[in-house]
Chemist: 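Pasting a structure below so you can have a look.
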Amino acid sequence: MKRILGNIIILISIFTTFSFGDVKASLNPPTIYQGGISNYIITADGNKIEFPKIDEIDGNPILGTSSSESISMINTNIKRSISKTYSFRASKDVNISSFTVKVDGKEYRTEELKLKVLKPTASKNGSKFIVRLALDKNESYVGEPVNLAISFKSRIDAHADQIQLGEPKLENFWVKKKDKVDKSREKNYIVQTINYLIFPQKSGEYNIPATETLVGRVEHRRQQMGGFFDDPFFNSMTQQLNWQKVYSNSLKLNVKPLPNGLELYGDYRIESKVDTQKVSANKPVNLTLLVKGEGNIDDVKKFKLDIPNVIIYADEPKISSKEVNGLYQGEFKEKVALISDQNFTIPSFSLKYFDKKSKKVKTIKTEEIKIEVIGGKIGDRDSSSMEVSKSQTIKSPTKVEKEIIIEKEDSYLKYLFLAVGFIFGVISISLLNYLTKKDRKIERDIVKAIRKAKDDRALFNILLPYSKEHKVISDTLNKLEENLYKNSSYKIDREELMEVFE
């Protein structure tokens with residue numbers, strides 16, 4: 001008797017703690033295709049419910065959660081039911097273990113479930129709707145553009161009210177969608193094709209997975225209300241789209257690495273040019289670097305430039321690209337402002353890439369450009385020679401020795417030296433006043449130019465030669481650069497700038 005009573009107590013304890021009566025678990029949908037999303041739903045009845053914290057299910061991270069609540073009354077008894085949904089994506093079968101839920105202070109365990117993941121089956125020839133993937137090549141190099149076409153075929157006797165064509169999901173590829181949709185006729189099918197250019201970023205064997213396309217067809221639900229409500233307007237309000245999933249085939253692509261760790265592939269040309277090769281001291285020389293060609297030109301990197309005793313301001317490069325006659329081509333342009341008070345040389349720029357024609361590494365270069373600065377320091381000129389013309393050079397002696405011997409000092413020389421000193425003093429003071437007036441005139445001209453500058457670009461060019469002369473000027477140049485090249489909106493205090501020069 002005691003053994004039977006003990007067993008009853010144990011059974012009561014088990015069903016109190018692990019009862020499935022008030023807690024249910026379900027999957028919606030219970031079967032998905034690879035890469036699809038399923039919802040794991042726990043529903044519990046009670047007043048105080050504590051759901052488990054779930055971050056992943058069988059190795060698949062939770063994408064999001066949601067809750068819903070319903071209250072019902074049965075024979076004056078109020079029943080409160082809460083459901084919590086955990087959404088996740090899966091590519092293979094999932095085993096969902098049991099979770100603990102607390103309801104009104106008691107613990108309940110959910111039952112174990114299994115999610116079935118199916119491999120998509122490509123649509124077959126003869127079906128009402130067919131989706132096909134196609135590559136223009138099965139082998140390429142890193143950076144070499146490959147055309148991926150997604151074609152949706154609709155049989156003439158089939159009808160679709162809405163189509164949602166799936167996008168390609170590719171890792172380690174840069175994908176560019178073409179705007180044009182090609183339309184054609186293929187036997188009993190109407191064909192619409194969208195083309196993508198895909199640029200491999202890493203080498204390896206890649207599987208281009210099947211895409212999922214949703215085909216929606218209107219399902220009419222006729223209301224049996226009669227009379228006025230049989231009007232087509234009311235019938236249209238009860239229409240519902242019935243969705244059908246159509247899968248494409250999958251593809252394989254072999255991507256070969258470029259030698260020496262290169263990233264550029266194609267056929268390119270490079271040039272550098274300046275707006276002038278003679279410039280006044282502390283005035284800007286504008287350099288333009290240009291790369292044109294075919295290939296993954298979007299991967300051309302910004303050029304680095306470092307010239308001693310030269311202030312350098314470089315814009316962010318601008319890249320424009322498009323497809324012409326089936327070839328992806330474009331232009332890379334980088335503009336640089338160079339300022340110095342002495343002669344300097346713009347060095348040669350080089351670009352290394354894997355040539356699409358020769359299948360070899362190729363390096364292209366620009367020529368050096370010599371800049372002559374007028375009115376500045378001697379700079380890199382030869383101090384022992386001065387160029388007078390193309391055919392004449394005057395050389396100065398390497399050493400000059402001067403010996404003065406005064407054997408006798410006449411008295412009249414004292415007065416002569418005094419007079420010369422007086423005249424030299426007068427000339428020096430006059431020259432100093434002249435130079436001061438000239439500097440003030442230059443300052444007034446700059447102040448006037450600052451006041452009349454039409455926009456940030458004009459003001460930037462005016463201040464550029466004086467970038468190192470005052471903190472207010474350098475700070476203003478930084479703000480102007482942000483406004484011009486980074487779409488900032490700093491306000492420039494021109495009065496403060498004019499005070500600096502005044």
Side-chain angles (χ1 to χ4, degrees), residues 270-292 300-320 331-347 349 366 368-377 379-380 438-502:
I270 186 172
E271 64 174 302
S272 63
K273 55 185 178 181
V274 293
D275 58 349
T276 180
Q277 286 188 253
K278 287 187 178 181
V279 67
S280 299
N282 296 317
K283 294 295 182 183
V285 173
N286 296 305
L287 167 70
T288 301
L289 287 167
L290 204 61
V291 178
K292 293 182 178 180
V300 175
K301 300 292 190 297
K302 184 177 182 179
F303 288 90
K304 293 182 180 179
L305 184 59
D306 185 16
I307 306 175
N309 303 314
V310 177
I311 300 171
I312 298 171
Y313 289 92
D315 289 357
E316 285 302 312
K318 293 182 179 179
I319 300 176
S320 57
E331 178 182 278
F332 169 100
K333 184 184 288 187
E334 182 178 345
K335 291 188 175 182
V336 184
L338 308 164
I339 301 172
S340 182
D341 58 358
Q342 56 187 286
N343 294 349
F344 62 93
T345 299
I346 299 173
F349 296 91
T366 65
E368 289 185 346
I369 303 175
K370 294 187 178 295
I371 304 298
E372 180 184 349
V373 179
I374 302 169
K377 296 179 181 178
D380 55 5
K438 187 176 179 182
D439 288 343
R440 286 175 181 171
K441 184 177 183 303
I442 293 171
E443 289 171 2
R444 286 197 298 272
D445 289 343
I446 294 171
V447 170
K448 189 176 180 182
I450 292 172
R451 184 179 290 111
K452 290 187 174 183
K454 294 181 179 180
D455 51 28
D456 286 351
R457 171 65 69 181
L459 187 58
F460 184 83
N461 291 333
I462 293 168
L463 298 176
L464 207 52
Y466 308 96
S467 60
K468 293 185 177 180
E469 293 190 7
H470 199 282
K471 187 177 184 300
V472 171
I473 298 174
S474 61
D475 290 345
T476 303
L477 280 169
N478 290 334
K479 291 179 180 178
L480 288 169
E481 193 172 4
E482 292 278 338
N483 290 351
L484 290 170
Y485 305 123
K486 297 183 180 179
N487 296 323
S488 299
S489 55
Y490 288 108
K491 291 185 178 179
I492 306 302
D493 190 345
R494 298 197 182 195
E495 293 296 331
E496 185 181 21
L497 280 172
M498 290 189 286
E499 286 178 7
V500 170
F501 285 98
E502 289 172 346

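Since the structure is predicted, the reported quantities are computational estimates derived from the model, not experimental observations.
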Chemist: Rounded at 0.5 Å granularity, tell me how far CD1 in Ile446 sits from CE in Met498.
Modeler: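 Here the interatomic distance stands at 13.0 Å.
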Chemist: What distance do Asp475 atom CG and Glu496 atom CD have between them, rounded to the nearest 0.5 Å?
Modeler: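 With rounding to 0.5 Å, CG (Asp475) is 8.5 Å from CD (Glu496).
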Chemist: So do the side chains of Leu463 and Ile450 get within less than 4.5 Å of each other, counting heavy atoms only?
Modeler: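 In short, these two side chains touch, coming nearer than 4.5 Å.
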Chemist: State whether the number of non-hydrogen atoms from other residues, nucleotides or ligands found under 6.0 Å of Lys302 atom NZ is greater than 12.
Modeler: yes
Chemist: Does Thr345 reach the main-chain N or O of Pro347 with its side chain, forming a donor-acceptor pair under 3.5 Å?
Modeler: no
Chemist: Output the distance between atom CG (Leu459) and atom NZ (Lys454), rounded to the nearest 0.5 Å.
Modeler: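 With rounding to 0.5 Å, CG (Leu459) is 14.0 Å from NZ (Lys454).
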Chemist: Shortest non-hydrogen contact from Ser489 to Asn483?
Modeler: N-OD1, 3.3 Å
Chemist: What closest approach, in Å, do Ile371 and Val285 show between heavy atoms, and which atom pair accounts for it?
Modeler: CG2-CG2, 3.9 Å
Chemist: Quick check: do Glu331 and Leu290 have side-chain heavy atoms less than 4.5 Å from each other?
Modeler: yes
Chemist: Is there a donor-acceptor pair under 3.5 Å between the side chain of Gln277 and the backbone N or O of Ile369?
Modeler: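 Looks like no, no N/O pair under 3.5 Å.
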Chemist: Keeping Asp275 on the side-chain end and Asn286 on the backbone end, is there a donor-acceptor pair under 3.5 Å?
Modeler: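 Yes, the answer is positive, given that a donor and an acceptor are paired below the 3.5 Å cut-off.
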Chemist: Do Arg494 and Arg451 make a side-chain contact, defined as non-hydrogen atoms from C-beta onward lying under 4.5 Å apart?
Modeler: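 Heavy-atom side-chain distance check fails, nothing below 4.5 Å.
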Chemist: With rounding to the nearest 0.5 Å, note down the distance linking CG in Leu289 to CG in Asp315.
Modeler: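 CG of Asp315 is found 11.5 Å from CG of Leu289.
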Chemist: If you measure from CD1 on Ile492 to CG on Leu480, what distance do you get to the nearest 0.5 Å?
Modeler: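 One finds 4.0 Å between CD1 of Ile492 and CG of Leu480.
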Chemist: Specify the closest pair of heavy atoms between Pro284 and Val279, including all atoms of both residues, with the distance to one decimal.
Modeler: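 Between these two residues, the closest heavy atoms are O-CG2, 3.9 Å.
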Chemist: Would you say Leu338 and Leu305 make side-chain contact, with heavy atoms under 4.5 Å?
Modeler: yes
Chemist: Taking side chain as C-beta onward, heavy atoms only, is Glu499 less than 4.5 Å from Val472?
Modeler: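 Heavy-atom side-chain distance check fails, nothing below 4.5 Å.
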Chemist: Using 0.5 Å steps for rounding, measure from the CD atom of Glu372 to the NZ atom of Lys278.
Modeler: 5.0 Å
Chemist: Of all residues at least two apart in sequence or in a different chain, which pass the ring pair (Phe, Tyr, Trp, His ring centres under 6.0 Å) check with Phe303?
Modeler: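 Checked Phe303 against ring pair (Phe, Tyr, Trp, His ring centres under 6.0 Å); matches are Phe332, Phe349.
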Chemist: Quick check: closest heavy atoms across Ala281 and Val373, and the distance to 0.1 Å?
Modeler: CA-CG1, 3.5 Å
